[in-house]
Amino acid sequence: MTLVQETPFRFRIERQGPMRVPGVVFAARELVPQVAGDKALEQVANVATLPGIVRASYAMPDVHWGYGFPIGGVAATDVEAGGVISPGGVGFDISCGVRLLAAGMDRDPPASGMRRLMDILGDTVPRGLGPGGLWELSGRAQLEKILVAGAGYAVEHGHGVPRDLERCEDRGALAGADPSQVGQRAADRGLKQVGSLGSANHFLEVQAVDRVYDAETATAFGLHQGQVCVMIHCGSRGLGHQVCTDHVRVMDQSLRAYGIHLPDRQLACVPVVSPPGRAYLGAMAAAANYARANRQLLTQAARRAFAAAGVGLDLVYDVSHNIAKIESHDVDGVSRQLCVHRKGATRALPPGHPDLPADLTRAGQPVMVPGTMGTASYVMVGTVGNDAFWSSAHGAGRVWSRHQALRRVRGEQLGGELEAHGIAVRPVSWRALAEEAPDAYKDVDAVATATEGAGLARRVVRLVPLGVVKG
DNA sequence: ATGTGC
């Protein structure tokens, strides 16, 4: 696979064979060997063969290998021109995303206070595999209310304040959810997991603003130098996973009926306007709303922990980085309805976009780029001139597999090193900590630099970790 | 990502 450099941070995979559009990879030159080194580039080219794809198959600067689509992949298909929807372009963890909360306190709290805060968070934030959430639902009927109304249903029940919803993508609920397309097995798994982090790279971190790049936008976001924040990264748990599993199976069996030929079976897809396409999108929206309610419940757990110290938490923004959405975009001068798949990619609306909350219209959309528990995370902002359907990077991106990380890192030792650097860790297990070692990831500073250089989003603030609750 | 496997 050859990459042709177009600009300092933009590379092209020329259209060839069954590719319908070129591939476009946003990366710094030093990130390219890591990108080319795994199978992600092949996946970018494979995605370019999907029926109805427009403009290009995109890869964000944190791209790495995933199921069918690369993680860090963006692809839009034209709904009225046979465009397809592919669950592999969303990912197993439907509407996995990040939420940032701004605390009414500045950094350097007394060490004892920080320890106490982390102890409360460690004791009260459900995490790890399997059931166990903050909100046990009464049954499927109540679950379906969450599947339709998302974070709004949680807030209605006292789990949050109305302002929270103004700072959620889609106001906390994606339209078009169809609970009847969520199977009983998925629903059963979902009943006991609302308000739980899950495992792997999911976390709740206490962070501090360590550097401000754009003071005006930071102020608009409610952030300033030294401020304490809480970042929550989680998704739709077993419910989303089961929805993906169930609908991939149906699509895999439907490929022939729709005359779709693919270079990789994991790209299983059907036309958006087909019955199985509509069924998946309805189930996907339901799972997305479950993920938003999940982050809303975890927000309340963080608020209770901070309230013990008399500190409040305001929502800065909540955004998904695993989702497909029907959006209007200009394609060759014509407004088209597109199905935009963002898998490990964050929507990044520019200033002035009508879908922004009123008080962020001038600033643009906050774009969270979580790094690792030992390095940093960024808050960026959407910019005009982003041709990847207003999409941006979503994190550092792995370079070591979990298996490699386990071979190279001792969790207990890593925990000691982090504590020695002033980062309090509350992991579910030493093994889980080792898998998520900072060395297993790309350099998030380089990813943020490349993201800005590529014109996808601009840096607003850099956050450093003070305490980590890990699934 | 995931009660980590048909």
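Because the structure is a prediction, the values reported are computed rather than measured. Just so we're on the same page: letters track the sequence lines, and every chain starts at 1.
- Within the structure, every pair that satisfies the salt bridge (charged side-chain N to carboxylate O under 4.0 Å, His left out) test and touches residues 132-161 of chain A, not counting sequence neighbours, is listed here: A:Glu136-A:Lys192, A:Arg140-A:Glu144.
- Residue contacts shown for A:Gly91 are absent, as no nucleic acid heavy atom lies under 4.0 Å away.
- As a whole-Å value, the separation of A:Asp252 CG from B:dC6 P is 13 Å.
- For DNA chain B, the neighbouring residues in residues 191-205 of chain A, judged by any heavy atom under 4.0 Å, are A:Gln193, A:Gly198, A:Ser199, A:Ala200, A:Asn201, A:His202.
- Taking atom CD1 of residue A:Ile94 and atom P of nucleotide B:dA1, one finds them 15 Å apart after rounding to whole Å.
- Atom-to-atom, CD1 of A:Ile71 to C1' of B:dA1 comes out at 8 Å; the value is rounded to the nearest Å.
- In this entry the distance linking CD of A:Glu435 with P of B:dT4 reads 14 Å, nearest Å.
- Protein atom NE2 of A:His64 is 8 Å distant from nucleotide atom P of B:dA1, rounded to whole Å.
- The list of salt bridge (charged side-chain N to carboxylate O under 4.0 Å, His left out) pairs with a residue in residues 45-57 of chain A, not counting sequence neighbours, is empty.
- In this structure, A:His233 has its ring center under 6.0 Å from that of A:His321.
- In this structure, A:Phe92 atom CZ and B:dA1 atom C1' are separated by 8 Å, rounded to whole Å.
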May I have the list of side-chain donor-acceptor pairs in residues 118-126 of chain A shorter than 3.5 Å, sequence neighbours left out?
residue  : atom : partner  : partner atom : Å
A:Asp119 : OD1  : A:Arg426 : NE           : 3.2
A:Asp119 : OD1  : A:Arg426 : NH2          : 2.9
A:Thr124 : OG1  : A:Ile120 : O            : 2.7

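- As rounded to whole Å, 17 Å separates atom C1' of B:dA1 from atom NE2 of A:His247.
- Looking at residues two or more places apart in sequence or on another chain, you find a side chain to side chain donor-acceptor pair (under 3.5 Å) between A:Ser196 and A:Arg237.
- When the side-chain nitrogen and oxygen atoms of A:Arg237 are compared with OP1 and OP2 of B:dT2, one or more of them lie within a distance under 4.0 Å.
- Only A:Leu129, A:Gly130, listed by number, bring a heavy atom of residues 125-142 of chain A to less than 4.0 angstrom from any atom of DNA chain B.
- Residue pairs meeting the salt bridge (charged side-chain N to carboxylate O under 4.0 Å, His left out) criterion with at least one partner in residues 255-282 of chain A, sequence neighbours excluded, are A:Asp252-A:Arg265.
- Looking only at atom types and distance, the side chain of A:Arg347 has no donor-acceptor partner in the side chain of A:Ser320 under 3.5 Å away.
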## Note on the structure
Dot-bracket assigned to DNA chain B with the 3.5 Å Watson-Crick/G-U criterion, [ ] for crossing and | for other-strand pairs, is ......
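- Nucleotide B:dT4 holds its C1' atom 13 Å from the CD atom of A:Gln242, rounded to whole Å.
- In this view, A:Lys325 and A:Glu169, A:Asp170 satisfy the side chain to side chain donor-acceptor pair (under 3.5 Å) rule, not counting sequence neighbours.
- Remark: A:Arg402 is not in phosphate contact with B:dT4, judged by side-chain N or O atoms under 4.0 Å from OP1 or OP2.
- Take A:Glu436 and apply the side chain to side chain donor-acceptor pair (under 3.5 Å) test, not counting sequence neighbours, and it matches A:Arg398, A:Arg402, A:Tyr441.
- By the side chain to side chain donor-acceptor pair (under 3.5 Å) test, A:Gln242 is found to be paired with A:Arg189, A:Asp246, residues two or more places apart in sequence or in another chain being considered.
- Scanning for salt bridge (charged side-chain N to carboxylate O under 4.0 Å, His left out) contacts around A:Asp210 gives A:Arg462, with sequence neighbours left out.
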